[in-house]
Amino acid sequence: MHRLNNGVGVVHQSSEPWLRSPSQPSGVYNRQGHVHGEFGCDVFNERLMQQRLPKDTFRQFMRAIQSGSQLAHEVADVIAASMKEWAVEQGATHYTHWFQPLTGSTAEKHDSFITPDGHGGVINEFTGKMLVQGEPDASSFPSGGLRATFEARGYTAWDPTSPVFLVRGPNHVTLCIPTAFVSWNGEALDKKTPLLRSMDALSGAALRVLRLFDAAEGVGRVLATVGAEQEYFLLDRELYYQRPDLVMCDRTLLGAQPPKGQQLEDHYFGSIPQRVLAFMAECEGELYRLGVPVKTRHNEVAPGQFEIAPYFETANLACDHQMLVMETLRRVGIRYGLRAVLHEKPFAGINGSGKHLNWALATDTGVNLLDPRDEAHTNMQFLVFLCAVIYAVDTYATLLRASVASAGNDHRLGANEAPPAIISIFLGDMLMDIIEQLESGETKKTIKGGKLDLGAKSLPQIPRDTGDRNRTSPFAFTGNKFEFRAVGASAAVSWPTTVLNTIVAEALTVMADRLEKAMGKSPTPAKREQAVKTVLKQVVKDHKRVLFNGDGYDKAWHDEAERRGLPNLRDSVDALGVLTGRESVAVFLRHKVLSKAEVESRSTIFFEKYCKQLLIEAETMVSLVRTKVLPGAWRHQTEVIDALGASESVEIENPELREEVERVVGLTRACQSRLAVLEAALKGEHGGPAKHAAAIRAKVVPAMAALRQAVDELEQHVAADHWPMPTYQQMLIIK
């Protein structure tokens, strides 16, 4: 390592095998790959645009973003030229329209800036047309019947509300342009287009309510804001690639429990291992350069599990940044000999991973509409927005549950690290008390949190919140936002955010209709106050069944929820079935978020993904057991039988060894017979995607569980040198 006077240098090699050279361009780095001093910027953000664009062009651009209007071609040309100039200065040679198809990941096709000049040379060219619209091949992306395979044309359209950014590699820099992706017919083939539509719908409905309170002065738009926490596991790459189930399915299909899992609860918030901390620091450095405002890092509950969390951002930008977080975790892990695993349940018997979606509403003037303030019982505007969320979650609970449905999340929901599949709302003591006051028709007080005396003179008295938190609630109010805790770790948050925006837009529209009717044509402050009390009282009466502050894991709650009539869609097959229901389709249509065909296509795609994912898992399990587990078990079986024969040949009685032989033989036979059951379950046709998914749930899933039970028990009896894969005990400890 070449030293510089300030004690930092360019990393070339290290005595630690996991420490790799950073992928950023040449410069001064510390040993973790961070840029020394202030982080660089790889985002063509508002500040850079203001510096580089003509003043009039910049004003037109900002006006277009704020109003949602289209940019003139000549303005787009100027922006594109400036963008290209900046990117080329940073080393970029290619650009790509970066989009989110319905695969659940991101997609890109790279094009070079270089264009022949017609005189034997080349020029760097990037026009407004190239910036605004691209034309990728759409034939091989999931369309759920919207497009036939032979109908290949699709369009990417620049989303100017999400800044362009650079992605750097060892020998390349690419300009990435966040875009929407639609078919030749204009139907949405991605997750961004419906999200942007839902944000428009939510803004329009929220502004109606604000106008009723004379609070819309100077407000041009109401924004959904999102902050998505990301839980993930880190595994040693060498061990990861020795597990075909992890490589193919991102989760272990087999594996006996280790003696030490998470029983001691000593990993949670514990000291971060040095290797992991170095990895985290480099991830954060890259994310800062990309404009992703990451804030928090810590150990999670399970061994080998960690979390990264950002600040709040506008929903559209937050959803883009969440995709960048997942990509960065995977990409940077390689440099440290690690593999980031984002599956909801990589290991049985310990906590899985979620992605808590923190959601709120704010005006473009900076007012959080879900902030109750000190005297919440007098803040009628806040109470209207609060009750609108209650209305939305209760009325469209099944749709909200469907938005987080996946084969991976089925392993997690309802377990001790995730909320149950029953959708309910936790409000805390203070808001629950106000809701009860609303139901009675008069709000008189707000519970105060007070102070906590910690009992030691050296410790300060600290303010206590007005209510505790509830980790078992799928939808919890946490001070000035809601936390949707049921989202899976591998999910793109744009889809549940779209659903949440849409149903709250519907609720606000209903509330505005009722308030306008109750206030009459000539509203006065007194009429408004009375109208709000009347409307909110009815909303609370109709929808208070969804409010629950207790233990979501308690069986008594499940019984109570059934008595209340709350839906309990326990798995994805049941949950996804509601997408094409009349109410679900209608709410998307009313707010112009999705057409009926677009809803039906997503239902088909989600069912198909469920089927494909489980079939890949089942076929991987068959291969693992047949080609690895059974041969290893037979080798061990031969050794113990030979040992028993040797004992008996010299007339030594060893009943314990005979018992072990019988146990191993019995478990091996059980594996063989259950393997045959699973192979039989994989055969046959089952009709359309929904029927196929139901058949897999009924036959394949139980057969996989039965086979796993036999294999995991067998693992505990087979000699370590005969077991063909790294065990849980080996994989879960990161050094």
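What you are looking at is a predicted structure, and each value in this text was computed from that prediction instead of being measured. Basis for what follows: all heavy atoms, side chains included, without hydrogens, waters or symmetry-related copies.
Without hydrogens or angle criteria, Asp364 side chain to Arg221 main chain gives a donor-acceptor distance under 3.5 Å. Using modelled atom types, no side-chain atom of Asp190 and backbone atom of Pro101 make a donor-acceptor pair closer than 3.5 Å. No donor-acceptor pair closer than 3.5 Å links the side chain of Asn368 to the backbone N or O of Ala362. Checked by atom type and distance alone, the side chain of Ser572 pairs as donor or acceptor with a backbone atom of Ser406 at under 3.5 Å. Proximity of a side-chain donor or acceptor of Thr193 to a complementary backbone N or O of Leu189 within less than 3.5 Å is not detected. Side chain of Asn358 to main chain of Gly227: a donor-acceptor pair is present (N/O by atom type, distance under 3.5 Å, no hydrogens or angles). Distance alone, capped at 3.5 Å, is enough to place a donor-acceptor pair between the Thr179 side chain and the Trp98 backbone. Panel note: side chain Thr96, backbone Lys109; a donor-acceptor pair is recorded below 3.5 Å. Side chain of Ser403 to main chain of Pro496: no donor-acceptor pair is present (N/O by atom type, distance under 3.5 Å, no hydrogens or angles). Side chain of Thr252 to backbone of Pro346: a donor-acceptor contact under 3.5 angstrom is found.
Looking at Glu344, Arg251, Gln230 one by one, the single match for side-chain hydrogen bond (donor to acceptor under 3.5 Å, both in side chains) with Ser490 turns out to be Glu344. With respect to Val535, the side chain to side chain contact (heavy atoms under 4.5 Å, CB included) criterion is satisfied by exactly one of Leu438, Leu515, Val540: Leu515.
Side-chain polar atoms of Gln538 and Arg514 form no donor-acceptor pair below 3.5 angstrom. When only modelled atom types and interatomic distance are considered, His343 and Asp250 share no side-chain donor-acceptor pair under 3.5 Å. Side-chain polar atoms of Lys537 and Thr534 form no donor-acceptor pair below 3.5 angstrom. For the 3.5 Å distance criterion, the side chains of Asn568 and Glu562 fail to qualify, holding no donor opposite an acceptor. One side chain, Glu327 or Thr106, offers a donor N or O that lies under 3.5 Å from an acceptor on the other. Between the side chains of Gln133 and Thr156, no donor N or O sits under 3.5 Å from an acceptor N or O. For His321 and Glu313, the side-chain atoms include at least one donor-acceptor pair closer than 3.5 Å.
Here the side chains of Leu210 and Phe385 are in contact, with some heavy-atom distance below 4.5 Å. Leu202 places none of its side-chain heavy atoms less than 4.5 Å from the side chain of Val222. With a 4.5 Å cut-off on side-chain heavy atoms, Phe477 and Leu431 count as touching. Leu413 is not listed as a side-chain neighbour of Pro420, based on a closest heavy-atom distance of 4.5 Å or more. Contact check for Gln305 versus Glu231: side-chain heavy atoms found under the 4.5 Å cut-off. In this structure, the side chains of Ser353 and Leu342 stay at 4.5 Å or more apart for every pair of heavy atoms. Side-chain contact check for Glu560 versus Arg564: some heavy-atom pair is nearer than 4.5 Å. Arg401 has its side chain out of reach of Pro567: every pair of non-hydrogen atoms, C-beta onward, lies at least 4.5 Å apart.
Ring pair Phe606/Trp495: centre-to-centre distance below 6.0 Å. Aromatic rings of Trp557 and Phe548 (six-membered ring for Trp) have centroids within the 6.0 Å cut-off, being under it. Remark: aromatic rings of Phe475 and Phe482 are close, center separation under 6.0 Å.
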Determine, stepwise, if the pair Thr363 / Leu223 fulfils side-chain contact (heavy atoms from CB on, under 4.5 Å). CA-CA 6 Å; Thr363 67; Leu223 306 166; over 6 Å; no
Practice prompt. Tell me, with the steps shown, if Asp245 and Met621 meet side-chain contact (heavy atoms from CB on, under 4.5 Å).
Written response: CA-CA 7 Å; Asp245 47 358; Met621 178 180 268; over 6 Å; no
Go through Leu569 and Ile423 one step at a time and tell me if the side-chain contact (heavy atoms from CB on, under 4.5 Å) criterion holds.
-> CA-CA 9 Å; Leu569 304 175; Ile423 300 296; over 6 Å; no
>> Would Glu187 and Val182 count as a side-chain contact (heavy atoms from CB on, under 4.5 Å) here? Give the steps.
In response: CA-CA 5 Å; Glu187 294 161 320; Val182 297; over 6 Å; no
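Under the rule for a side-chain contact (heavy atoms from CB on, under 4.5 Å), the partners of Asn316 that lie at least two apart in sequence or sit in another chain are Asp159, Thr161, Ser162, Lys192, Leu195, Leu196, Met199, Asp320.
Scanning all heavy atoms of the two residues, the minimum distance from Pro194 to Thr498 falls at O-CG2, 3.7 Å. Residues Tyr155 and Ser183 share a closest heavy-atom pair of CD1-O, 4.0 Å. Looking at every heavy atom in both residues, Ser473 comes nearest to Ser424 through OG-O, 3.7 Å. When all heavy atoms of Leu579 and Val599 are compared, the closest pair comes out as O-CG1, 3.2 Å. Among all heavy-atom pairs drawn from Pro419 and Arg485, the shortest one is CD-O, 3.7 Å. For the pair Gln100 and Ser494, the tightest heavy-atom approach, listed with the atom from each and the gap, is OE1-OG, 3.5 Å.
Annotation: the span from Asp571 atom CG to Asp410 atom CG amounts to 5.5 Å, rounded to 0.5 Å. Between the NZ atom in Lys609 and the CG atom in Leu614 there is a gap of 12.0 Å [rounded to 0.5 Å]. Taking NZ from Lys481 and CG from Leu370, the interatomic distance works out to 10.5 Å, rounded to the nearest 0.5 Å. To the nearest 0.5 Å, atom CG of residue Leu324 and atom CG of residue Leu317 are 9.5 Å apart.
With salt bridges taken as basic N to acidic carboxylate O contacts below 4.0 Å, one links Glu506 and Arg590. Using a 4.0 Å cut-off between charged nitrogen and carboxylate oxygen, Asp574 and Arg697 count as a salt-bridge pair. Arg197 has a carboxylate O that lies under 4.0 Å from a charged side-chain N of Glu598, or vice versa, which qualifies the two as a salt bridge. Using a 4.0 Å cut-off between a side-chain N of Lys or Arg and a carboxylate O of Asp or Glu, Lys544 and Glu439 qualify as a salt bridge. With respect to the salt-bridge test (charged N to carboxylate O, under 4.0 angstrom), the residues Arg208 and Asp513 qualify.
Under a cut-off of 6.0 angstrom, the local environment of CZ in Arg570 is sparse, with at most 12 non-hydrogen atoms contributed by other residues, nucleotides or ligands.
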